[in-house]
Visitor: 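One structure follows; several queries about it will come next.
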Amino acid sequence: MELTPNQQAISLAALMFLRGSASFESSLHDEEKVALQLLKQAKAVVPGVANSRDAECAFCGLYRGPIFRSDEGLMVQCPDCGPFALDPASQRSWRLDDEWLIRKLRGALDISPHATTTQIVDGVWDIGRHKKRPVVLARRIDLVERHGLRIFHGPETRSQSWVITPRPLVRSSLEPLAGTATWWQLEDRFALHGLALRLLDPDQGENADVLQDNIPGVAVHGPFSDDFAWVHLEGWPHGPIHLTEAQARLFSALWKHRNQAQSAEFLMREAGLGSERPIDVFKLKRSNRGIPQYEGPLYAYEKLVVRQRRYGQYRLAL
Ligand SMILES: [Zn+2]
């Protein structure tokens with residue numbers, strides 16, 4: 001898919017925010033250089049700290065050599081290619097201005113300029129409220145997972161937050177914040193629009209969330225809704241149980257093969273999941289114990305899945 005210069009710019013901004021440190025202008029690809037120009041115009045980037053000690057060799061590009069002063073001005077000594085005059089442009093580096101990003105996101109989300117921004121932990125900020133829910137900005141999603149207890153449960157609780165992070169470099173679990181917060185990937189949800197950021201399709205996104213979060217699907221396949229996102233169990237006092245995508249896919253696989261017990265390996269492959277055993281996608285974090293929203297899926301697992309110990313096979317108890 002071809003990206004527009006504005007999309008390139010928000011992608012580069014997200015990447016630079018994720019890195020947190022300065023990037024050398026000379027190390028960028030051609031499209032990224034165009035994107036950088038847009039970010040400079042938007043005043044989204046600030047110059048990195050100049051490195052006066054060494055520079056990449058302009059000839060071989062393999063080594064960095066020390067910078068030294070000579071009669072002809074500043075020189076670089078490549079261990080392989082020898083000395084050459086330093087091009088000051090090769091030393092230019094830029095980092096994304098975190099404050100700029102916070103300011104622009106607040107603008108895009110209609111957060112009052114008077115609301116305070118607080119840093120929760122290093123690389124994670126509370127930037128205000130959007131539609132009465134807290135907005136958490138983080139450099140990386142793994143920071144949110146690692147500090148989840150601190151971010152969502154105290155000293156200030158932030159239930160059902162919007163969490164904004166750049167797209168992860170490596171794709172990990174499908175829904176790391178399922179049930180806890182709504183995860184927005186910066187590049188997908190926001191667009192650079194002149195000098196401002198704009199939230200993309202807010203109405204559509206909102207509706208999708210409401211549908212997913214609040215309206216339980218009726219039981220179609222046994223106790224499961226048509227999309228397997230909901231389970232209706234009589235013994236559970238808190239109403240229909242909402243499953244994560246991974247849990248829904250596992251139950252869907254179990255349902256499909258309900259007439260015959262299957263091995264864990266087979267089921268996990270059918271469900272397209274990377275974990276080893278079905279129980280892996282139901283495990284509770286210590287901090288979520290006792291909360292019906294998290295206990296529900298585990299209850300459903302315990303009620304509905306039978307493991308035949310002798311053969312290590314699983315089937316639905318229906
Ligand atoms: Zn060289």
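Start at 1 and go down the list; that is how both ligands and their atoms are numbered. Remember, it's a predicted structure, so these values are computed and weren't measured experimentally.
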Visitor: With a 4.0 Å cut-off, would you call Glu270 and Lys256 a salt bridge?
Guide: yes
Visitor: Ile127, Phe17: one ILVMFWY side-chain cluster at the under-4.5 Å cut-off?
Guide: yes
Visitor: Between Phe251 and Phe228, does the ring centroid distance fall short of 6.0 Å?
Guide: no
Visitor: Hey, which protein N/O/S atoms does the Zn ion (ligand 1) have under 2.8 Å?
Guide: Cys57 SG, Cys60 SG, Cys78 SG, Cys81 SG
Visitor: Side chains of Ile164 and Val135: does their closest heavy-atom pair fall under 4.5 Å?
Guide: yes
Visitor: Does NZ or CZ of Arg64 lie under 6.0 Å from the centre of the six-membered ring of Phe24, at an angle within 45° of the ring axis?
Guide: yes
Visitor: Can you find a heavy atom in the side chain of Val46 that is under 4.5 Å from one in the side chain of Trp94?
Guide: no
